[in-house]
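What follows is one structure encoded as structure tokens, with my remarks underneath.
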Amino acid sequence: MPNTQYLNTHNLQNMTIPIKKSKFTQELNEAQLEGVLATEGPVLVLAGAGSGKTRLLTYKIAYLVLELGIEPRSILGVTFTNKAAGEMRERVEQLCGGSLGGMWLGTFHAMCGKLLRIDGSAVGLGENYSIYDELDQRRLMKDIVHDFGLDPKEFDARRVLGTISSCKNRMICPEEYLPLTEDPKERTLVKLWTAYQDALKACDAVDFDDMLIFAVRLLQENDELRQKWARKFKYILVDEFQDTNLVQYELVKALASFHGNITVVGDDDQSIYSWRGAEVRNILDFPEDFEGTTTIRLEQNYRSTGNILEAASAVVANNAERHAKTLWTKGQKGELLRVFKLPDEYAEAKLVARMIREQIDGGVSGSDIAILYRVNAHSRLLEEALTRQKISHVIVGGIRFFDRAEIKDTLAYLRVVVNPDDDVAFGRSVNMPRRGVGLQSMNRLREMAKAEGKSLYRMLIEGDMSGFPPRSREGFAEYIEIIEELRATARSADAGEIVGQTLRDSGYLKMLEDDGSFEAKSRVENLSELLNSGIEFANTHPEDPSIRAYITEVSLLAGIDSYSPDEESVSLMTIHSAKGLEFGTVYVCGLEEGLFPIARAMESPGELEEERRLFYVAVTRAKERVALLWAMSRHRFGMEQYSSRSRFIDEIPKVLIEGDTDAKPEPSLFERKPSAKKAVSGAINPGTIVEHPFFGRGEVRGVQGWGENAILTVAFPKYGTKKLLLKYADLSVVRG
DNA sequence: CGCGGCATGTTTTTT
DNA sequence: ACATGCCGCG
Ligand SMILES: Nc1ncnc2c1ncn2[C@@H]1O[C@H](COP(=O)(O)OP(=O)(O)OP(=O)(O)O)[C@@H](O)[C@H]1O
């Protein structure tokens with residue numbers, strides 16, 4: 001059943017080498033070929049956008065299999081998304097002419113997940129461990145903050161978890177952190193952290209960060225296991241290396257510790273995940289850490305026109321922290337980049353839709369067009385405008401399918417079936433749909449479980465429930481029955497069958513059907529889609545169609561992973577999601593100061609440079625045509641907000657753009673008169689004269705609220721009465 | 001215990 | 001503007 005084709009190395013070596021070899025020489029340039037042929041030892045490929053890094057990696061894997069006869073099971077390939085992994089696998093199999101089932105090709109998280117299922121017991125994980133997403137984590141942390149008797153406002157679960165996560169990304173553990181700090185709040189934080197890890201352990205669960213950390217610990221603390229895995233992977237290849245974090249770096253190091261054949265490719269100018277702990281130094285310092293590194297630079301760009309390339313390069317050259325790179329193309333200079341200035345976001349969306357309509361009518365296929373933006377919230381208006389123009393489209397990201405409440409509720413049952421210690425999943429499913437188990441009963445069960453050191457579900461099964469009110473006892477009994485029946489089925493059935501049974505037996509579907517509202521109907525539809533997805537998973541994963549494998553897979557899905565556009569559909573996504581993709585035409589929307597670059601990044605030079613890299617990524621997705629749009633006004637939190645054109649547009653050499661190329665508006669907007677005081681709410685009352693960068697002077701008519709969130713009603717002689725949010729308005733007081 | 005109403009944060013990006 | 005999450009009442 002598994003792949004024997006690839007192992008037919010005699011055949012390959014004797015007959016097909018000349019043909020295959022020409023494939024490598026014909027479809028790669030010299031520098032790429034050099035990277036492919038450098039199979040032994042550490043190799044660093046540092047090169048700009050569209051220079052064929054991913055192609056190099058893909059062909060290199062094929063080369064290892066075809067030319068060196070390496071078994072796929074000895075190859076580890078790491079990509080940034082599951083989708084990229086799927087595409088690379090497909091391409092490599094195409095090149096090799098056969099299935100490569102044994103090859104490990106996936107994201108860091110998927111790979112660690114697999115490793116931990118096999119050897120996780122070495123770091124205290126059960127084989128059925130759960131993976132907690134952000135919501136699960138927050139639930140856990142909220143309960144802990146509550147149990148500690150702390151103020152949930154002061155110790156906001158999200159924030160606490162954010163701090164913990166950034167520590168984890170930097171490989172700091174609670175024990176190391178504690179001695180470093182005297183600050184009482186931080187000491188409390190460490191206690192929360194420790195309690196959080198204990199809680200995870202009790203639930204036999206890991207969060208996303210832990211998946212990587214546990215895998216590293218497994219390899220670092222256990223010589224035998226490190227040997228086992230490091231020997232297994234004779235060749236390791238990592239794409240998008242500029243966006244790896246410290247933990248991933250250690251992981252790579254440990255895995256490469258035996259054979260040392262490690263190829264990493266990336267572009268420091270495309271490092272856009274530092275907020276998630278990515279360390280661009282990983283790629284820049286690679287040669288120092290891996291002795292004898294062969295460094296390869298790819299300088300020919302195969303994707304974009306000369307003008308696009310020049311514009312992108314000119315903008316990113318404004319970053320101080322970077323490796324200068326040469327990038328050239330044999331192609332045409334092509335069109336100029338077009339800049340459009342619009343009065344508001346509605347006009348922006350309308351214009352994009354109209355231009356796309358024209359393109360499509362002119363014969364361009366929708367799938368060759370992308371609309372990119374900085375924030376997901378931006379997608380809505382654009383989508384509406386496309387719908388109005390009857391342009392078929394797909395939105396990538398935003399609320400993911402598997403993040404919908406009804407999907408998570410249903411999967412919570414299955415998580416308890418797989419891992420009965422998963423208290424968060426238990427808490428989510430036990431009273432959904434309502435079966436009479438309220439807060440009182442839950443708290444009581446929690447107390448009991450805590451006292452006996454058991455998980456909630458185990459406590460429920462093993463404990464004496466006689467003290468509970470009849471109503472909740474019935475509910476509990478019903479729940480146990482559902483779970484146990486599912487468990488019995490799960491022994492032999494696959495993911496599709498079990499999802500089906502869950503929908504039927506949990507009463508969830510019935511609850512929605514009884515509801516009958518529009519909202520409920522759409523939820524029912526989603527659940528039926530969940531069922532399809534479970535069935536499809538079982539069909540496409542014959543080696544392990546279990547519900548456990550299914551849950552693991554969906555826990556690690558990103559929005560982009562389910563992206564499979566058809567010929568007609570235009571793609572809408574954030575620039576982050578667009579990393580690694582390419583389109584004939586790219587529309588970049590929302591190019592305003594405060595939105596892109598985003599306000600929060602404008603204070604720190606480091607973060608501003610990341611915004612600029614993001615812009616570089618956006619523009620370099622395009623092959624032929626780039627449109628850059630900005631709106632003078634835009635609603636934010638339901639409030640109208642006025643902005644000026646993004647500095648990134650101004651950083652493009654004027655000769656490369658057409659359209660709204662006039663110089664910055666009146667300088668007075670930027671050089672505030674020294675006499676003018678920055679407006680704060682205390683100083684503003686009805687009657688106050690204020691100055692606005694766009695509307696000029698106006699008289700305050702009313703003030704609602706207080707502080708930076710105050711909403712002002714201001715009458716401007718030329719523009720009429722406007723409501724402004726003080727936080728964003730950038731007003732100065734002219735006269736009190 | 002469950003519902004409905006209000007308050008709150010959200011719009012930075014995601015494995 | 002909108003969704004989620006919390007609280008208090010029936
Ligand atoms: N040697 C080559 N000859 C022709 N086309 C090539 C060659 N190498 C790569 N390409 C094409 O150039 C485009 C970009 O390649 P690829 O995605 O591998 O670049 P990349 O460096 O990974 O880009 P990015 O960093 O922007 O994600 C693709 O369309 C690819 O097919």
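These numbers were taken from a predicted model, which means no experiment stands behind them. Each chain gets a letter, A, B and so on, in the order its sequence line appears, and its residues count up from 1.
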Spacing of [X] atom [atom1] relative to [N] atom [atom2], expressed in whole Å:
X	N	atom1	atom2	value
A:R444	B:dC1	CZ	P	11 Å
A:N376	B:dG9	CG	P	21 Å
A:F80	B:dT14	CZ	P	10 Å
A:E406	C:dT4	CD	C1'	14 Å
A:R138	B:dT10	CZ	C1'	11 Å
A:E593	B:dT12	CD	P	16 Å
A:R428	C:dT4	CZ	C1'	12 Å
A:L372	B:dT12	CG	P	19 Å

Review point. Which residue, A:W630, A:F648, A:Y373, forms the ring-ring contact (aromatic ring centres under 6.0 Å, His included) with A:F596?
Key: A:F648
So, are [X] and [Y] salt-bridged, with charged N and O less than 4.0 Å apart?
X	Y	result
A:E87	A:K83	yes
A:K168	A:D210	yes
A:D136	A:R415	yes

Practice item. Using the C1' atom as the reference point in each nucleotide, state the distance between B:dT12 and C:dG5 in Å, no decimals. Key: 23 Å
**Study point:** Whole-angstrom distance between C:dC6 and B:dT11, as gauged at atom C1'
**Key:**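 Nearest-Å result for C:dC6 against B:dT11 at atom C1': 23 Å.
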Exercise for review: Strictly below 4.0 Å, heavy-atom distances to any atom of DNA chain B: list the hits from residues 104-113 of chain A, or just say none.
Suggested key: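 Hits under 4.0 Å, by residue number: A:T107, A:H109.
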Practice item. Can you check whether any acceptor in the base of B:dT12 is under 3.5 Å from a donor in the side chain of A:W275, or vice versa? Key: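 No, no donor-acceptor pair under 3.5 Å.
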Review point. Of A:R471 and A:T574, whose closest DNA chain B nucleotide lies nearer the 5' terminus?
Key: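 Nearest nucleotide further toward 5': that of A:R471.
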Point to revise | Whichever of A:V437 and A:H635 has its nearest DNA chain B nucleotide further upstream toward 5' | key: A:V437
So what does [X] hit on the nucleic acid, given a heavy-atom distance under 4.0 Å: a base, only sugar-phosphate, or nothing?
X	value
A:R634	nothing
A:K579	nothing
A:F596	nothing

To the side chain of [X], which of [options] is closest?
X	options	answer
A:R374	B:dT14, B:dT10, B:dT12	B:dT12
A:R276	B:dT14, B:dT12, C:dC2	B:dT14
A:R434	B:dG2, B:dT12, B:dT14	B:dG2
A:N431	B:dT11, B:dG2, B:dT12	B:dG2

Point to revise | B:dT14 OP1/OP2 closer than 4.0 Å to side-chain N/O of A:T81 | key: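 So the side chain of A:T81 is outside the cut-off, no N or O lying under 4.0 Å from OP1 or OP2 of B:dT14.
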Review point. Taking only side-chain nitrogens and oxygens of A:S441, does any of them come within less than 4.0 Å of OP1 or OP2 of B:dC1?
Key: yes
Using only heavy-atom distances, determine whether the side chains of [X] and [Y] contain a donor-acceptor pair under 3.5 Å.
X	Y	answer
A:H378	A:E383	no
A:Q242	A:D268	no
A:Q137	A:Y196	yes

Practice item. For the pair A:T244 (side chain) and A:F241 (backbone), establish whether a donor and an acceptor sit closer than 3.5 Å, ignoring hydrogens and angles. Key: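 At least one qualifying donor-acceptor pair exists.
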